[in-house]
Amino acid sequence: MSNSRDFILNKLKKNPAPFPEQSKVENYLPMVKLEKKTPESLLQHFKSEAEKLSAQVTICNSEKSAEETFFKIIGNEIQINCWSAENLPLKNFYQALKDKGIEITENESVRIGVTGVNAALAATGSIVLASGKGRQRTASLLPEVHIALIKKGQIFADFESWIKECCKKGLEDFTNPSNTIVISGPSRTADISMELVLGMHGPKGQYLIIY
Amino acid sequence: MKIQSENFAKAAQKAIADADLQSAVSFGTNLAYTKRKSAVFVSGQDHGEQIRQQAAQIKRHALNNLPQLLEQAEQQMQKNGIKVLWAKDAAEANQKVLEIIQQKQAKKVIKSKSMVSEEIAMNDFLEKNGVQVIESDLGEYIIQISGDHPSHIVVPVVHRTKASIRDTLMQKIGMPHTDDAQTMTHFVRGHLRKEFLEADIGISGGNFIIAESGSLCLATNEGNGRMVTSLPPVHIAVVGIEKVIPTLEDYATLTQMLPRSATGQSMAVYTNIINGPRRKDEEDGPQEVYVVFLDNGRSEIYSSGYTEALACIRCGACLNACPVYRVSGGHSYGWVYPGPIGAVVTPLLVGLNKASPLPNASSLCGSCKQVCPVVIDIPRMLLDLRHDLTKQKKSSKTWKIGMYIWAKSNRSEKWYKMTGRLIKASRYLPISKLPGLLKNWTRFREMPQPAAKSFHDIWQDGLKDEDK
């Protein structure tokens, strides 16, 4: 086994650098140039980008109205696949679920998945979710509908600025979760005659509640 | 997959005569081509070009340090709990994957889309060894149940019409009749969902490996990439050694250039960063993650004059932009990687003698280089491959004699003018088809009538006018 390793590495090392004129990039340009980066403009930009991806975005002014929005979306559903209480930004959420008699389960047939986020990216309308204790991957993957609860303060300008923040915190922090997923809209495919269809394997619908 | 690249001309002729294929491929490639433009130039054309140069620099800088980056990636991955294996060639990679499968006594394997697995013909190998392999990307799944091969790096069934896909799904998995793409898609969703939940092992490729963090990165839209790497207890990724890049910042640029160039999306729906098996306190995710670093000819390319080909991030933009791919379709190229980049990579991986028509399957118009997110000079490499072909004396005698005469007449003013006069004189002859050796030039078109005045004549006349 180590033979192949040494064979490959030795063969590569025999060569001088193939592009000696190319050095490391000094100043990285971001993919998207954002004109304004005030919290309010990032919020609006995030909303409009996410909506382009077929997400349903609601901006709320209080925890209470965020909760109400949530219950309106789930309608008569009585089971949800949901991250643990300490991983959600709404403080009284679990109590409210209990009051309504909603059961939390990771059963595969559950139609609603509920998560928080680690970050939201304005430039591309994406949300970032890292795995961890009480932050199961299935909640944003198996159900037909994924609802993400986002705090306004979690919105970054773009993927680059979130990555920069990660570098600042250190690589150990970055690799602690076994999986970090950047989600941009509901699952989709256009494999059949280039016709866009939502909900191939992941959720068919994505609801983002921001407060 | 059997290499059939020597057959390019015949296969392309067949593709050109296939009306269904023509309309499907032309629609698909045109759409992707148009969408790419607005996505890459989202902040203006100048900015888009700068980003393209940045991505090109990142990839070339990474290739400069390839062996060191592989060592760093291995070390960081191991620190993250990933088991790293190395494979010199297809046979060794397949064997190592099979060993893991047998060790786990696994019966069912589910796969997400991976070009490298096509390259090493993994499905065939595993199936021959009694393993059930299921493709889960919609396009790849349709390909698999049809016994077909992908014809595009990103859209594997771009050559098939909706009606032909419908017929396959009805025949093979009992889908009720429908003409609606959404109904078809959701039928397959239900069908494959139980396979995800039952599979013992998930196999994926990889789009990038970040050396400093030891992360394996995937970009998918359907969600199968997440399923395959999250639900089964074991995840195996087979990744080409050229996929390793130094830093998270490099990754931020490249993982956005990829979907913008491929489908015109600003981000893939699932931009997936995998740092290892599930942690102690996590409820889900695989218990074991293996990554196989695959060489399979790449270290050979690394030391050749074609190192640039290893910068490719497999977005498929050059396919969509290529006038030859657009009419000949992907299968004509006769192996796994079609289009302009395929015409370079195929001869390098399987041998020039097994893919000799491919360097010539291009008009050298340069569109491929223009759309490439990492600015690979594909036309230059195609020309160099043609040069290699000539050196290997692969050209026919008639070709050589023709080129000799052409070179002679172009080197001498006297001969050049004489040929010009001869052509001009033929103006009044009723020729619409050329005879003999030249007949292929006019097989599908009329011979145009030569102009009354050559460019030289016009130029001379112009000079005379100015003199007055």
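By convention in this document, chain letters (A, B, ...) are assigned in the order of the sequence lines, proteins followed by strands, and residues within each chain are numbered from 1. Computed from a predicted structure; not experimentally measured. When reading the values below, keep in mind they use all heavy atoms of this one structure, side chains included, and skip hydrogens, waters and symmetry mates.
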Do [X] and [Y] pair up side chain to side chain, a donor and an acceptor below 3.5 Å, judged on atom types alone?
X	Y	answer
A/Asn179	B/Asn275	no
A/Arg137	B/Ser230	yes
B/Glu282	A/Ser178	yes
A/Ser4	B/Glu92	yes
B/Asp250	A/Tyr28	yes

[X] versus chain B, the contacting section by heavy-atom distance below 4.5 Å:
X	result
A/Asp191	both
A/Ser126	side chain
A/Ser140	both
A/Glu21	neither
A/Glu144	both
A/Asn176	backbone
A/Leu198	backbone

Check this for me: does any side-chain nitrogen of one of [X] and [Y] sit under 4.0 Å from a carboxylate oxygen of the other?
X	Y	result
A/Glu195	B/Lys162	yes
A/Lys11	B/Glu300	yes
A/Lys133	B/Glu283	no
A/Lys24	B/Glu249	no

Minimal non-hydrogen separation, [X] against [Y], with atom names:
X	Y	result
B/Asn64	A/Gln22	ND2-O, 3.1 Å
B/Pro67	A/Leu9	O-CD2, 3.6 Å
A/Leu29	B/Ile51	O-CD1, 3.6 Å

Please round to the nearest 0.5 Å and tell me the distance separating atom OG1 of A/Thr124 and atom CZ of B/Arg260. 7.5 Å
Nearest-0.5 Å distance that lies between atom OG1 in A/Thr138 and atom CG in B/Asp284: 4.5 Å
Would you check, one step at a time, whether the test side chain to side chain contact (heavy atoms under 4.5 Å, CB included) holds for B/Ile142 with A/Ile192? CA-CA 10 Å; B/Ile142 294 166; A/Ile192 300 177; 4.3 Å; yes
Residue of the set B/Thr247, B/Ile210, B/Leu248 for which side-chain contact (heavy atoms from CB on, under 4.5 Å) holds with A/Leu171: B/Leu248
Using a cut-off of under 4.5 Å for heavy-atom pairs, which of [options] has the most such pairs with chain A?
options	answer
B/Arg226, B/Gln265, B/Glu308	B/Arg226
B/Met184, B/Glu212, B/Arg166	B/Glu212
B/Thr185, B/Val155, B/Asp295, B/Val158	B/Thr185
B/Phe293, B/Tyr251, B/Phe196	B/Phe196
B/His186, B/Arg278, B/His152	B/His186
B/Gln50, B/Arg60, B/Gln182	B/Arg60

Would you say [X] and [Y] make side-chain contact, with heavy atoms under 4.5 Å?
X	Y	answer
A/Val25	B/His61	no
A/Glu160	B/Gln256	yes
A/Ser187	B/Asn221	no

Apply the test side chain to side chain contact (heavy atoms under 4.5 Å, CB included) to residues A/Lys13 and B/Glu71: give CA-CA distance (whole Å), side-chain angles for both, the deciding distance (0.1 Å), then the verdict. CA-CA 11 Å; A/Lys13 281 177 183 170; B/Glu71 285 171 321; 2.9 Å; yes
For the interface with chain B, which of A/Pro16, A/Pro177, A/Pro186, A/Pro203 has the highest count of heavy-atom pairs at distances below 4.5 Å?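 Among A/Pro16, A/Pro177, A/Pro186, A/Pro203, the one with the most close pairs to chain B is A/Pro177.
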Top residue by heavy-atom pair count (under 4.5 Å) with chain B, among A/Val128, A/Asn15, A/Leu53, A/Ile181?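 Highest number of heavy-atom pairs under 4.5 Å: A/Ile181.
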Worked verdict on A/Gln206 versus B/Val269 for side chain to side chain contact (heavy atoms under 4.5 Å, CB included): CA-CA 11 Å; A/Gln206 187 191 54; B/Val269 176; over 6 Å; no
